[in-house]
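Notes follow once the structure below has been shown.
Letters A, B, ... are given to chains in the order of the sequence lines, protein chains preceding strands, and every chain is numbered from 1.
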Amino acid sequence: MGIVAGTVSYLRFVSGDLPEGFEVRFCDALNNHAFHEIDPSTDVEIQRGWVRFDDAFEANFEPPTLLDAGGHMLFRLRIDTLRIPNVTLKAWTTREERERCVKLNRDKLSKKERDQLKLDVKKKLRLRSLPKMQLVEIDWNVSTGEVRLAATSKAIAAQFIDAFEKSFEIKLDPVGLLKLLALRGMKEDDIDALARLEPERFHLIRR
Amino acid sequence: MQDSRDRFAFLGREFLTWLWFASETNNGFVAVPELGNVRVEFGQRLTLESAGNVREGSTVSADAPSQTEEARTALRVGKKVARARLLLDLGERHFEVGLDAETLTYAGVKLPALMAGDDAMKTEERLRLLDEVENVVDSLYLTFVNLRRDEAQWEPVREALRAWVQEVAA
């Protein structure tokens, strides 16, 4: 399912003008903002970056393979989340606390001990958890500047726009009802004139 | 001018409502400059919404939702099409597109079967087909906006559309 197979759902964007020699520059941009795995021994909960279109674990981009024959750049945004749900963390911490109290022959732990225990439990749980992986396909037609993002969620779109603009240093605009008209050649004056239009009522009774 | 979703959302809803009208009053075809006649049908799921801050919606799920009493009644009370699944035939090729009137989000796009052999050519063909379906939808939208912004051309369409709304709901 996605841009190259099955049914696809997507949002449309349009990028600003591409600079000279963009292949090399964009490869650098992709490599500089490539995806890196979350280190579970740290506190990092979300990590995002670019990966190759054909391999979610490969983040090395090279100019000769950047464009397909039709002048499209295909790549993916990978967003990993490693977050221990509160319910899980609480249950495991309570269990550890109980065991610790038995071991120490005490009724309860001090607040400081409980806080430290919670951190230790969280670390342990992170080490044995797999991050949730999201992979979002991107198709950038470099001759027209049009970009397809194979996602419809506002949150993913916001992550994508942020990652795109930071990586490529090019502005990215959603293709909305007015932007589309400009993209299809309508003059700016004519688009501005649409401001005079008011919504119609189609359900009026015939005179 | 910046896209202002709230201010111009009505254009998207009017577009999909006009598309329903244009196709139904021309045996399922809509004439598009440079593309010729495009066959347009509404499939599976149709959502109509009223305008304003408190939006009342009606979603109809049926094989031909635009033919249902519920959808037609929604039109009569002033609702317009907010989301639709468009079945588009361009020559021999058949496309399906779920379209949101305000955001122009494409949902569940189905493309014609691929002819190409190897993976690289298949990808290229898929991208060409996506370009093609976008071109059809964009052209339909542009056709509508060009009509809508020219009062002399739009006036008879408006009257015909109002008459159609009364008729379909009668």
Chain A contact via B:D119 - side chain, backbone, both or neither, heavy atoms under 4.5 Å: neither

With chain A, the option among B:R149, B:E134, B:R158 that has the most non-hydrogen atom pairs under 4.5 Å is B:E134

So with a 6.0 Å cut-off around CE of A:M133, is the heavy-atom count from everything else above 12? yes

Side chain from CB out, backbone as N, CA, C, O: work out which of these in B:R148 comes under 4.5 Å of a heavy atom of chain A, or both, or neither. both

Below 4.5 Å, heavy-atom pairs only: which of A:L74, A:L197, A:T152 has the largest tally toward chain B? A:L197

Answer with side chain, backbone, both or neither: which region of B:F15 has an atom nearer than 4.5 Å to a non-hydrogen atom of chain A? neither

In this structure, are over 12 heavy atoms from other groups packed under 6.0 Å from A:D55 atom CG? yes

Heavy-atom pairs under 4.5 Å with chain A are the metric here; pick the option from B:T17, B:V97, B:D131, B:L111 that has the most. B:D131

Taking every heavy-atom pair that is under 4.5 Å apart, which of B:K110, B:K80, B:R128, B:E14 has the most such pairs with chain A? B:E14

Report yes or no: do A:E96 and A:W92 form a side-chain donor-acceptor pair below 3.5 Å? no

A:E146 versus chain B, heavy atoms under 4.5 Å apart: side chain, backbone, both or neither? side chain

Do you know which of B:N135, B:N146, B:L161, B:L11 has the most heavy-atom pairs with chain A at a distance under 4.5 angstrom? B:L161

Whether the side chain of A:R12 engages the backbone of A:V175 through a donor-acceptor N/O pair (distance < 3.5 Å, no angle test) should be reported. no

Return yes when atom CG of A:D43 has more than 12 non-hydrogen atoms of other residues, nucleotides or ligands closer than 6.0 Å, and no otherwise. no

Is it the side chain or the backbone of B:K79 that comes within 4.5 Å of chain A heavy atoms, both, or neither? neither

For A:L11, is it the side chain, the backbone, both or neither that has a heavy atom under 4.5 Å from a heavy atom of chain B? side chain

So, the part of A:L183 with a heavy atom under 4.5 Å from chain B: the answer is neither

Testing A:F13, A:F168, A:F75 for ring-ring contact (aromatic ring centres under 6.0 Å, His included) with A:F160, which one passes? A:F13

Distance alone, cut at 3.5 Å: any donor-acceptor contact between the side chains of B:T25 and B:W164? no

Has B:R162 got its NZ or CZ under 6.0 Å from the middle of the six-membered ring of A:F202, at an angle within 45 degrees of the ring axis? no

Go through it in stages, so that I can follow the logic: the residues are A:I156 and A:Q134, the test is side-chain contact (heavy atoms from CB on, under 4.5 Å), and I'd like the CA-CA distance, side-chain angles, deciding distance and then a yes or no. CA-CA 9 Å; A:I156 296 279; A:Q134 287 174 289; 3.4 Å; yes

Give me the ring orientation class for B:F144 and B:W18: parallel if the planes are under 30° apart, tilted from 30 to 60°, perpendicular past 60°. tilted

Tell me, side chain or backbone of A:R184 under 4.5 Å from chain B's heavy atoms, or both, or neither? both

By a 4.5 Å heavy-atom criterion (distance strictly below it), what part of B:V77 contacts chain A: side chain, backbone, both, or neither? backbone

Does any heavy atom of chain A fall under 4.5 Å from the side chain of B:S139, the backbone, both, or neither of them? neither

